[in-house]
Number of protein chains: 2
Amino acid sequence: MARTPRNTLSSDLVVRTALELMEAKGADGFSLRGVAGELGVGPMALYTYFRNKDDLYDAIRDHLMGLMPPPPEGLPWPDQVRSVCRDLRVLMLQHPCLAQLLASRPLSGHETARVAEGLLSVLRSAGFEPEIAARTHTTLFTYVLGATTWEIQMAAEQSDPDSLRRLRASMESLSSRDFPTVIELAPELARTTGGETQFDYGLDLLLAGLTVRTAS
Amino acid sequence: MARTPRNTLSSDLVVRTALELMEAKGADGFSLRGVAGELGVGPMALYTYFRNKDDLYDAIRDHLMGLMPPPPEGLPWPDQVRSVCRDLRVLMLQHPCLAQLLASRPLSGHETARVAEGLLSVLRSAGFEPEIAARTHTTLFTYVLGATTWEIQMAAEQSDPDSLRRLRASMESLSSRDFPTVIELAPELARTTGGETQFDYGLDLLLAGLTVRTAS
DNA sequence: ACCTGAACACCGTTCAAGT
DNA sequence: ACCTGAACACCGTTCAAGT
């Protein structure tokens, strides 16, 4: 908007402006040209600070990961793990674009490494061997990613009355001969597409599985 | 490519052409104009069969879900559940675009309902109450979605030598004072970004958790 | 180093029109 | 119903140039 004079741009300002735009217009409506327009510069000005769009995405992701609190200290390890996973879910809900940024790009950057360090060190301190700690870390991360991505997507869909109407229509077109269980459980399925209870249900299954593993 | 005369188009032909294009050029390179070009028609010809791009996406997803085999019969329920989850992972690996199609759109369509019916009926037959069956279904689905999306994305990244080089560089720039565990477990983390062993590890944690639950 | 401006090769979708 | 053609309002990125 405002004509920005020379040498007032910085990679940090670009990231913050990009993040604002992404949360205002959604990950789909986001564009480099939009960011440039918001900053009052030409689209090519951004290429001074980022090699391309993906490079900017990485920077936004790392910026958001910087908002993750460290794991709580002085608790049993299952509670520490639960806390980290819940914090990541909450951060993703607060910044829905983070889901796409995490899923589509490999983890890199300082803040992202800090979050990984936190969870991995909890697992190592709990006595997990290197390979099991790594496998558990990946399992927990991908669960949070999948569960919360799904939750965000379904919430977005349900806030659009048009697509919600079409979804109901497609549900009702299903024959109760062919799909008796889907029809029977339709209310329960609608209720379990998100929410903290659903998230904790899956997380506690994983933690229960881990507890069994460590006991033997 | 070929000039298609009138009345030779059909929604099924459009879906199959779109799927081919999506697997040849990747989900990013995919476009309605590309599909139309491949069919030798103008872009607007597709709007006779689909309301918009998302509508076509839904049709492609349902087409792919039609390739899912039914759950195996005559096995203990944990083996049935494992089989369905593994089948979905394999299908996603064979058709990488399915990951994005599942994550970005709500589940609708006949074939998608059939897959849900299969897993839900396994859970109900195993004695799960309606709400627990629904929660378990969502948990399993989101785990497979998250784990396999991650696996596909990391495989794509590692096949690009340029981004692999930059990833290694960013790993080596991490100080071993600040990130001792990440550095220590770097080889294990690289090994656990995908593969059947990693997938089964998380899946078995969930199943172990479910077994504990049903026993009590 | 930092930024502009024009250009290239694209998008999805609307609208009016033709058969 | 089925499809065309022109138009609208966009994209990311390259390239040459200016300060």
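Keep in mind the model is a prediction, meaning the values are calculated, not measured. We name chains A, B, ... by the order of the sequence lines, and we start the count at 1 in each one. Keep in mind that the numbers below use all heavy atoms, side chains included, and drop hydrogens, waters and symmetry copies.
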>> For D/dA1, give the paired nucleotide (Watson-Crick: N1-N3 plus N6-O4 or O6-N4; G-U: N1-O2 and O6-N3; both under 3.5 Å), or none.
In response: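 Base partner found: C/dT19.
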>> Both distances below 3.5 Å, Watson-Crick or wobble geometry, any strand: find the nucleotide opposite D/dC11.
In response: none
Interatomic distance, [X] [atom1] vs [N] [atom2] [rounded to whole Å]:
{"X": "B/R33", "N": "C/dC11", "atom1": "CZ", "atom2": "P", "result": "7 Å"}
{"X": "B/L21", "N": "C/dC11", "atom1": "CG", "atom2": "C1'", "result": "14 Å"}
{"X": "A/M44", "N": "D/dT13", "atom1": "CE", "atom2": "C1'", "result": "6 Å"}
{"X": "A/L46", "N": "D/dT13", "atom1": "CG", "atom2": "C1'", "result": "12 Å"}
{"X": "A/Y47", "N": "C/dC2", "atom1": "OH", "atom2": "P", "result": "17 Å"}
{"X": "B/L56", "N": "C/dT13", "atom1": "CG", "atom2": "P", "result": "10 Å"}

>> Both B/G42 and A/K53 contact DNA chain D. Which one's nearest nucleotide lies toward the 5' end?
In response: B/G42
> Does the gap between the ring centers of B/Y143 and B/F199 come in under 6.0 Å?
Replying inline: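 Between B/Y143 and B/F199, the centre distance is under 6.0 Å.
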> Going by heavy atoms in the side chains, are B/L56 and B/Y49 under 4.5 Å from each other?
Replying inline: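 Heavy-atom side-chain distance check fails, nothing below 4.5 Å.
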> Which part of the nucleic acid, if any, lies within reach of A/F50 when heavy atoms closer than 4.0 Å are counted: base, sugar-phosphate only, or nothing?
Replying inline: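 A/F50: no heavy atom of the nucleic acid under 4.0 Å.
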> NA contact type, A/S31, heavy-atom cut-off 4.0 Å: base, sugar-phosphate, or nothing?
Replying inline: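 A/S31: backbone/sugar contact only, no base atoms under 4.0 Å.
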>> For A/F30 and A/Q100: C-alpha separation, side-chain torsions, deciding distance, then whether side-chain contact (heavy atoms from CB on, under 4.5 Å) applies.
In response: CA-CA 12 Å; A/F30 174 82; A/Q100 269 148 287; over 6 Å; no
> With rounding to whole Å, what would you report as the distance between D/dA16 and C/dC3 at their C1' atoms?
Replying inline: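 Between the two C1' atoms, the distance is 13 Å.
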